[in-house]
Amino acid sequence: MERCRFSCSFTRYFIVFLFLLSVINGQDSSQVAPDGGFLKREYSLTKPYSSNGMTMPFWDFRDNAMLTNNYIRLTSNHQAKLGSVWNKIPCYLRDWEMQVQFKVHGGGRTLAADGFAIWYTKERMTPGPVFGSRDEFHGLGVFFDTYKNGPQAVTFPQITAMIGNGTTKYDHMTDGKINSVGSCLASFRNKDYDTFVTVRYVKETLSVRLDIDGLGEWKECFIVPGVKLPTGYFIGVSAATGDLADNHDVTNIHRQP
Ligand code: MAN
Ligand code: CA
């Protein structure tokens, strides 16, 4: 009887001990976010990016992308460039949020191209024609399109999102209009202050919000319910230039919860 009581309460204490250990461990490998949540370090890209200027612990980069101390330049302001940065670890969280600090800038006051994309896809590290990354992808692409290839009667830049099933193609000639699930116009180039976007996927609802006016406020770009995305995909950011160009820089990526 006595022994049982001891072993039962010992088991209970041991479970509590294991739980506390896991909480401490969890905190150890994360950074506390401003709203009290956690930012997973392995999904975050923050300064200093690299200890040797060549490699990053949780990220790969390729093509014309280059690391500096203060930003990752996906493309410079030169014609026909492309570059990307990709997380190495598939994400198994059902709901997530990703905040990207970016800077798109160049000599052209209105004429610049082509833009950058934020990805959550099955594929990674594959260059191609969709803002520097492969077409016919599985998953989500959010495109920051600075050059109007199509006939739309609007003033670019335009942000659009597309869900790919591995066979759908991004239509460059209509700036992705055919397969767009949501879009907004947003003037994010050549700003003197920091510019941010949040891509949020919670309860199968995709929302994109922007902080590009230097006010520290989020403004809705679009919200789309009923979006089905599997877990286990990779996050990445890519960019491309064509006959026209821009610098496409990423400064920070944070991923929650
Ligand atoms: C060329 C092509 C297009 C590109 C524009 C602007 O016309 O490379 O694909 O969009 O330049 O860079
Ligand atoms: Ca375009």
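Worth saying up front: this structure is predicted, and the values here are computed from it rather than measured. In each ligand, atom 1 is the first atom listed, and ligand 1 is the first ligand listed.
Every atom of ligand 1 with a heavy atom of Asn149 under 4.0 Å away is listed here by number and element: 3 (C), 4 (C), 10 (O). Within the listing of ligand 1, atoms 6 (C), 12 (O) sit less than 4.0 angstrom from a heavy atom of Ala113.
Because its NZ or CZ atom is not both nearer than 6.0 Å to the ring centre of Trp96 and within 45° of the ring axis, Arg200 does not count as a cation-pi partner of that residue.
What sits closest to atom 10 (O) of ligand 1 on the protein, heavy atoms only, is Asp114 OD1, 2.5 Å.
Remark: side-chain polar atoms of Asn190 are paired, donor with acceptor, to backbone N or O of Gly106 under 3.5 angstrom. For the pair Asn52 (side chain) and Thr55 (backbone), a donor-acceptor distance under 3.5 Å is present. Counting only distance, with no hydrogens or angles, the side chain of Thr121 and the backbone of Glu123 share a donor-acceptor pair below 3.5 Å.
Tyr71 has its ring centre no less than 6.0 Å from the ring centre of Phe102. Taking the six-membered ring for Trp and the full ring otherwise, Phe61 and Trp86 have centroids separated by 6.0 Å or more. Tyr120 has its ring centre no less than 6.0 Å from the ring centre of Phe234. The aromatic ring centres of Phe143 and Phe116 sit 6.0 Å or more apart.
Between Asp243 and ligand 1, an N or O atom pair is found at a separation short of 3.5 Å. For ligand 1, the polar-atom distance check against Leu244 finds a nitrogen or oxygen pair separated by under 3.5 Å.
Using a 4.0 Å cut-off between charged nitrogen and carboxylate oxygen, Asp60 and Arg124 count as a salt-bridge pair.
Among protein atoms, those of element N, O or S found less than 3.0 Å away from the Ca ion (ligand 2) are Asp145 OD1, Asp145 OD2, Tyr147 O, Asn149 OD1, Asp175 OD1.
Contacts between His172 and ligand 1, counted as non-hydrogen atom pairs separated by less than 4.0 Å, involve the side chain only.
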